[in-house]
Amino acid sequence: MTKIGRVEIGKSSHVKVMGIINASPESFFKGSVRTSADEIAQTAQDMQDAGAHIIDIGAMSTAPYLDTIIPVEDEIQRLKVAVEAARSSCRLPISVDTPRVEVADAAIKLGADAINDVTGLKYSPQMAQVVAKAGLPVIIGAYSRQSASGKVAGTIKVLKESIALAKKTGIRKEMIIVDPSIGFFRTEGKGAFFTKMADDGGGGMEWYARDIEVLTNLSKLAAIAPVCISVSRKSFIGHLLNLPNSEERMIPSIACEIIAAINGASIVRTHNVKETVQALTMLELLLKR
């Protein structure tokens with residue numbers, strides 16, 4: 001059984017809700033941004049009260065269509081403020097969302113309970129070793145430095161590469177959670193943390209269709225490892241429903257989260273903690289009938 005802090009993750013457990021706190025003003029959903037210690041502390045407490053199981057803190061946006069890289073020192077400083085504030089106000093385990101090993105190392109020293117790396121340990125060469133040494137669970141995102149297929153088989157392929165890297169450096173199987181990186185397989189982007197789709201356009205698969213395919217076939221990923229899914233307010237929803245403003249995407253986000261839970265997700269990472277907890281609780285009640 002995988003655990004983040006004391007929270008059990010896996011098929012025999014209830015689906016867990018991971019609340020997103022972005023200490024990064026550049027993040028795509030401005031409603032998730034909290035920059036002051038007081039704001040972060042209050043939000044962490046509110047998430048705990050609403051039923052979240054885990055908090056995920058990011059201090060630099062990795063959105064693939066934005067140019068959001070900031071100096072490492074700035075990311076670490078933001079993270080320090082955010083982690084200390086969240087710790088002061090809630091008892092939930094904290095995951096830190098970063099692809100950079102220097103930031104992950106700082107997070108570990110701050111007492112983080114997990115590392116969430118959207119690049120699957122591939123962006124920073126020493127990331128796997130640092131996580132292995134700390135003995136922390138890791139959420140491994142689907143990512144490739146080279147062009148790769150965004151289809152389910154291609155997603156599984158790049159995830160298995162990261163899993164092999166993790167195991168090679170001493171990260172135990174039960175410490176690995178996978179994330180198919182919804183929104184991060186695209187034709188082009190400005191960031192450094194997305195995968196260029198080899199099968200996009202030209203009669204192939206469009207990026208938004210890729211995200212739908214992965215969501216509806218999530219059970220194939222769940223057969224490999226526990227799955228963390230993050231669909232909240234993402235751009236494929238905006239594209240498909242003509243909702244350019246992320247503020248308008250909560251209801252379709254909840255629909256996608258429900259489908260993800262039905263298809264085997266173990267963690268739902270969301271901006272909408274209260275609503276997601278309610279939806280998943282209702283789903284569980286219905287499935288018991």
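All values below come from the heavy atoms of this structure, side chains included, with hydrogens, waters and symmetry mates left out.
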**Q** Can a salt bridge be assigned to the pair Asp113 and Arg6 using a cut-off of 4.0 Å between side-chain N and carboxylate O?
**A**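 Between Arg6 and Asp113 there is no salt bridge, as every charged N stays at least 4.0 Å from the carboxylate O atoms.
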**Q** Is the closest basic N to carboxylate O distance between Arg172 and Glu174 below 4.0 Å?
**A**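 The answer is yes: the pair qualifies as a salt bridge.
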**Q** Between the side chains of Glu84 and Lys80, is the shortest nitrogen-to-carboxylate-oxygen separation below 4.0 Å, so that they form an ion pair?
**A** yes
**Q** State which residue, out of Phe194, Phe193, Tyr143, fulfils the ring pair (Phe, Tyr, Trp, His ring centres under 6.0 Å) condition with Tyr123.
**A** Phe193
**Q** Would you compute the distance between atom CZ of Phe184 and atom OH of Tyr65 and round it to the nearest 0.5 angstrom?
**A** 8.5 Å
**Q** Go through the side-chain N and O atoms of Arg269 and Ser95 and say whether any donor and acceptor fall under 3.5 Å apart.
**A**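 No, no side-chain donor-acceptor pair sits under 3.5 Å.
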**Q** With no hydrogens and no angle check, is any side-chain donor or acceptor of Ser124 less than 3.5 Å from a backbone partner on Gln126?
**A**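 Absent.
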**Q** Is the CD atom of Gln278 crowded by more than 12 outside heavy atoms at less than 6.0 Å?
**A** yes
**Q** How about Asp46 and Gln42: does a side-chain donor come under 3.5 Å of a side-chain acceptor?
**A** yes
**Q** Looking just at side-chain N and O atoms, do Asp38 and Ser36 make a donor-acceptor pair shorter than 3.5 Å?
**A**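 No, no side-chain donor-acceptor contact under 3.5 Å.
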**Q** Got a donor-acceptor contact below 3.5 angstrom from the Lys196 side chain to the Thr187 backbone?
**A**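 Checked: pair present.
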**Q** Under the 3.5 angstrom rule, does the side chain of Gln48 hit a backbone N or O of Arg91 as a donor-acceptor pair?
**A**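 A pair under 3.5 Å: yes.
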**Q** Going by an N to O cut-off under 4.0 Å, is there a salt bridge joining Glu8 and Lys16?
**A**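 No.
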**Q** Give a yes or no answer on whether the side chain of Ser88 reaches the backbone of Ala85 with a donor-acceptor pair at less than 3.5 Å.
**A** yes
**Q** Do Thr276 and Glu257 have a side chain donor and acceptor closer than 3.5 Å?
**A** yes
**Q** Minimum heavy-atom separation for Val96 and Leu79, please, with both atom names.
**A**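 Smallest heavy-atom distance, with atoms named: CG1-CD1, 3.7 Å.
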**Q** Flag the pair Met47 / Ile21 as yes when at least one side-chain heavy-atom distance between them is below 4.5 Å, and no otherwise.
**A** yes
**Q** From the options Leu218, Leu221, Thr216, select the one residue that forms a side chain to side chain contact (heavy atoms under 4.5 Å, CB included) with Val152.
**A** Leu221
**Q** Between Ala132 and Thr169, what is the shortest heavy-atom contact and its length?
**A** CB-O, 3.2 Å
**Q** Is the closest basic N to carboxylate O distance between Arg100 and Glu75 below 4.0 Å?
**A** yes
**Q** Taking atom CD1 of Ile262 as the centre, report whether more than 12 heavy atoms of other residues, nucleotides or ligands fall under 6.0 Å from it.
**A**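 Enclosed.
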**Q** Between Asn22 and His271, is there a side-chain heavy-atom distance shorter than 4.5 Å?
**A**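 A side-chain contact exists here, since the closest heavy-atom pair is under 4.5 Å.
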**Q** Determine yes or no for a side-chain-to-main-chain donor-acceptor pair under 3.5 angstrom, with Ser61 supplying the side chain and Ser27 the backbone.
**A**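 No; zero donor-acceptor contacts below 3.5 Å.
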**Q** At their closest point, which heavy atom of Val158 faces which heavy atom of Ala148, and how far apart are they?
**A**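 Where Val158 meets Ala148 most closely, the heavy atoms are CG1-CB, 4.2 Å.
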**Q** Do Phe29 and Glu247 have side chains that get closer than 4.5 Å, going by heavy atoms?
**A**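 A side-chain contact under 4.5 Å exists here.
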**Q** Nearest heavy-atom pair of Pro180 and Ile229: which atoms, and what distance?
**A**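 Shortest heavy-atom contact: CG-CD1, 3.5 Å.
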**Q** Ring-plane angle category for Tyr208 and His239, please: parallel below 30°, perpendicular beyond 60°, tilted otherwise.
**A** parallel
**Q** List the atom of Gly150, the atom of Phe185, and the distance in Å for their closest heavy-atom pair.
**A** CA-CD2, 3.6 Å
**Q** With no hydrogens and no angle check, is any side-chain donor or acceptor of Arg249 less than 3.5 Å from a backbone partner on Pro244?
**A**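 A pair under 3.5 Å: yes.
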**Q** For residues Asp179 and Ile140, determine if any side-chain heavy atom of one lies less than 4.5 Å from a side-chain heavy atom of the other.
**A** no
**Q** Could you verify whether a donor N or O on one side chain and an acceptor N or O on the other, from Arg233 and Ser32, lie under 3.5 Å apart?
**A**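 Their side chains do not contain a donor-acceptor pair, so the 3.5 Å distance test is not met.
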**Q** More than 12 heavy atoms of other residues, nucleotides or ligands under 6.0 Å from NZ of Lys30: is that the case?
**A** yes
**Q** Who clusters with Val7? Use side-chain heavy atoms, under 4.5 angstrom, across I, L, V, M, F, W and Y, and order the result by chain and number.
**A** Ile4, Ile9, Met18, Ile54, Ile139, Ile177, Ile267
**Q** Ignoring hydrogens and geometry, is there a side-chain-to-backbone donor-acceptor pair from Ser266 to Pro226 under 3.5 Å?
**A** no
**Q** Check whether Ser89 reaches the backbone of Ala41 with its side chain - one donor and one acceptor, N or O, closer than 3.5 Å.
**A**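 A pair under 3.5 Å: yes.
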**Q** Can you name the closest pair of heavy atoms from Ile176 and Lys167 and give their distance?
**A** CD1-CG, 4.3 Å
**Q** Between Glu26 and Arg78, does any NZ, NE, NH1 or NH2 come within less than 4.0 Å of an OD or OE carboxylate oxygen?
**A**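 A salt bridge is present here (some side-chain N lies under 4.0 Å from a carboxylate O).
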**Q** Is it the case that the side chain of Lys288 and the backbone of Glu284 share a donor-acceptor pair, with hydrogens and angles ignored and the cut-off at 3.5 Å?
**A** no
**Q** Has Asp56 got a side-chain atom pairing as donor or acceptor with Gly19's backbone, closer than 3.5 angstrom?
**A** no
